[in-house]
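Beneath this line is the structure, given in structure tokens, with notes to follow.
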2 protein chains.
Amino acid sequence: MRNMSDIIEQYLKELLAASDGEVVEIKRAFIAEKFDCVPSQLNYVIKTRFTNEHGYMVESKRGGGGYIRITKVETHSKSEYLAHLKNLIGPALSQQNAQHIVQSMFENDVITLKEGKIINAALDRESLMIELPFRDQLRAKILLSIIDVILYTEE
Amino acid sequence: MRNMSDIIEQYLKELLAASDGEVVEIKRAFIAEKFDCVPSQLNYVIKTRFTNEHGYMVESKRGGGGYIRITKVETHSKSEYLAHLKNLIGPALSQQNAQHIVQSMFENDVITLKEGKIINAALDRESLMIELPFRDQLRAKILLSIIDVILYTEE
DNA sequence: TATACTTTAGTCAAAGAAGGTCAAAAGAGG
DNA sequence: CCTCTTTTGACCTTCTTTGACTAAAGTATA
């Protein structure tokens, strides 16, 4: 294989395959040591090869006992639909349109009624007490990250 | 488990689970001895993992026969518990405290894992791209309306 | 009872231990 | 050459551990 990043990618994927639950937890410094590279190279590998879009979820903790945890998530069949919704949203989103989208997600069985209500509450102009046009931008941001969560959360 | 603080947290939670009334009373120095750490580490563990936001109450006494008593806050009824959380939130809310509250709601079966992730996404500082201190105020507002929704939504 | 001593627990800040970010330098391919 | 990807390292942020100092409560004593 050509370069260090590819080798590390391969290695991490092997670890994932070996682990039963499709989850692997590493010490950044330890892996860096093992492959004789700088620790931040791990961040590069993760950022370019283990993103949400690639079907992985990454969590980490700093400080004593810190770690990086990579989880493979099988993105369910709704992914095209949700990607489509993300496209619709763009940089700003009115409350009305937001409600339409939430309604659509509910009807398409991507969220439950309660989840829909929670999302609507988070996107309500009462909660988002800032001026237009920032409010609509903020609403878009929030809904986009919520959709990402839905995309990469197994039921 | 990774570090001393996590181990002690785990230990205390086991004690709590074992105790009938969800109350546990410890001798700080004794626990420190048991885990071979300095006594003040117990204070750190308590301050970071057994706060009100986490759903615990802590009392203590110094001097001879001193103790630290940790009580898991009784979630009498769902509505009382949620009212209690709303009290904790106040006019502004850090991301950390927000996560503690979401964690507590999950542990108290008020929300599901997915709902928790959705809420966290909505409250994340990445989504809430405005400056402090407004961001913390906004986060408080959003979580308050979400809690209201949970309060008034039948499962 | 007032005072001194002992036994606990609390506070706080410094040091230590991870991981994160970002941009410059280096390399690879077209 | 030009562009895109990879490598590197300086600097940053977060979380944990440690210990010196402080505060409070009980106990013995004048």
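Note on naming: letters A, B, ... go to the chains in the order of the sequence lines (proteins, then strands), and numbering restarts at 1 for each one.
Between the base of C/dG20 and the side chain of A/Ser40 there is no donor-acceptor pair shorter than 3.5 Å. With hydrogens and angles ignored, no donor-acceptor pair closer than 3.5 Å exists between the side chain of B/Arg62 and the base of C/dG10.
Put simply, CG on B/Asn108 and OG1 on B/Thr75 are 5.0 Å apart, with the number rounded to the nearest 0.5 Å.
The side chain of B/Arg49 places no N or O atom within less than 4.0 Å of a non-bridging phosphate oxygen (OP1 or OP2) of D/dC15. OP1 or OP2 of D/dT16 has at least one side-chain nitrogen or oxygen of A/Lys61 nearer than 4.0 Å. A close approach under 4.0 Å does not occur between any side-chain nitrogen or oxygen of B/Ser60 and OP1 or OP2 of C/dT8. Proximity of B/Gln41 to the phosphate of D/dG19: no side-chain N or O atom is located under 4.0 Å from OP1 or OP2.
A salt bridge does not link A/Lys78 to A/Asp109: none of the charged side-chain nitrogens sits closer than 4.0 Å to a carboxylate oxygen. Taking a cutoff of 4.0 Å between a charged side-chain nitrogen and a carboxylate oxygen, B/Glu131 and B/Arg135 do not qualify as a salt bridge.
Comparing D/dT16, C/dA18, C/dT11 by their nearest atom to the side chain of A/Lys27 picks out C/dA18. When distances are taken from the side chain of B/Arg28 to each of C/dT21, C/dG10, D/dG19, the shortest belongs to C/dG10. Taking only side-chain atoms of A/Tyr44, from C-beta outward, the nucleotide of C/dG10, D/dT7, D/dT8 with the closest atom is D/dT7.
Across all strands shown, B/Glu59 has no heavy atoms under 4.0 Å from either base or sugar-phosphate atoms. No contact: A/Leu42 has no heavy atom under 4.0 Å from any strand. Nucleic acid contact for B/Gly63: base, since at least one base atom lies under 4.0 Å from a heavy atom of the residue.
In this structure, CG of B/Asn3 is placed 12 Å from P of C/dG19, rounded to the nearest angstrom. In this structure, A/Phe30 places its CZ atom 17 Å from P of C/dA17, rounding to the nearest Å. Summarising the geometry, the separation between CD1 on A/Ile46 and C1' on C/dG19 is reported as 10 Å, rounded to the nearest angstrom. Atom CD1 of B/Ile8 and atom P of D/dC15 are 18 Å apart (whole Å). Spacing between atom CZ of B/Arg2 and atom P of D/dC15 amounts to 14 Å, rounded to whole angstrom units. For the pair A/Tyr67 OH and D/dC15 P, the computed distance is 11 Å after rounding to whole Å. Nucleotide C/dG10 holds its P atom 10 Å from the CD1 atom of B/Ile70, rounded to whole Å. One interatomic measurement links the two molecules: NZ of A/Lys47 to C1' of D/dT5, which rounds to 13 Å at whole-angstrom precision.
For the residue pair B/Ser94 and B/Gln96, no side-chain donor N or O sits within less than 3.5 Å of a side-chain acceptor on the partner. Side-chain atoms of B/Ser104 and B/Tyr81 form a donor-acceptor pair, as typed in the model, at a separation below 3.5 Å. Inspection of the A/Gln99 and A/Gln103 side chains reveals no N or O donor paired with an N or O acceptor under 3.5 Å.
Residue order along DNA chain D, read from the 5' end via each residue's closest nucleotide, puts B/Arg125 first among B/Met4 and B/Arg125.
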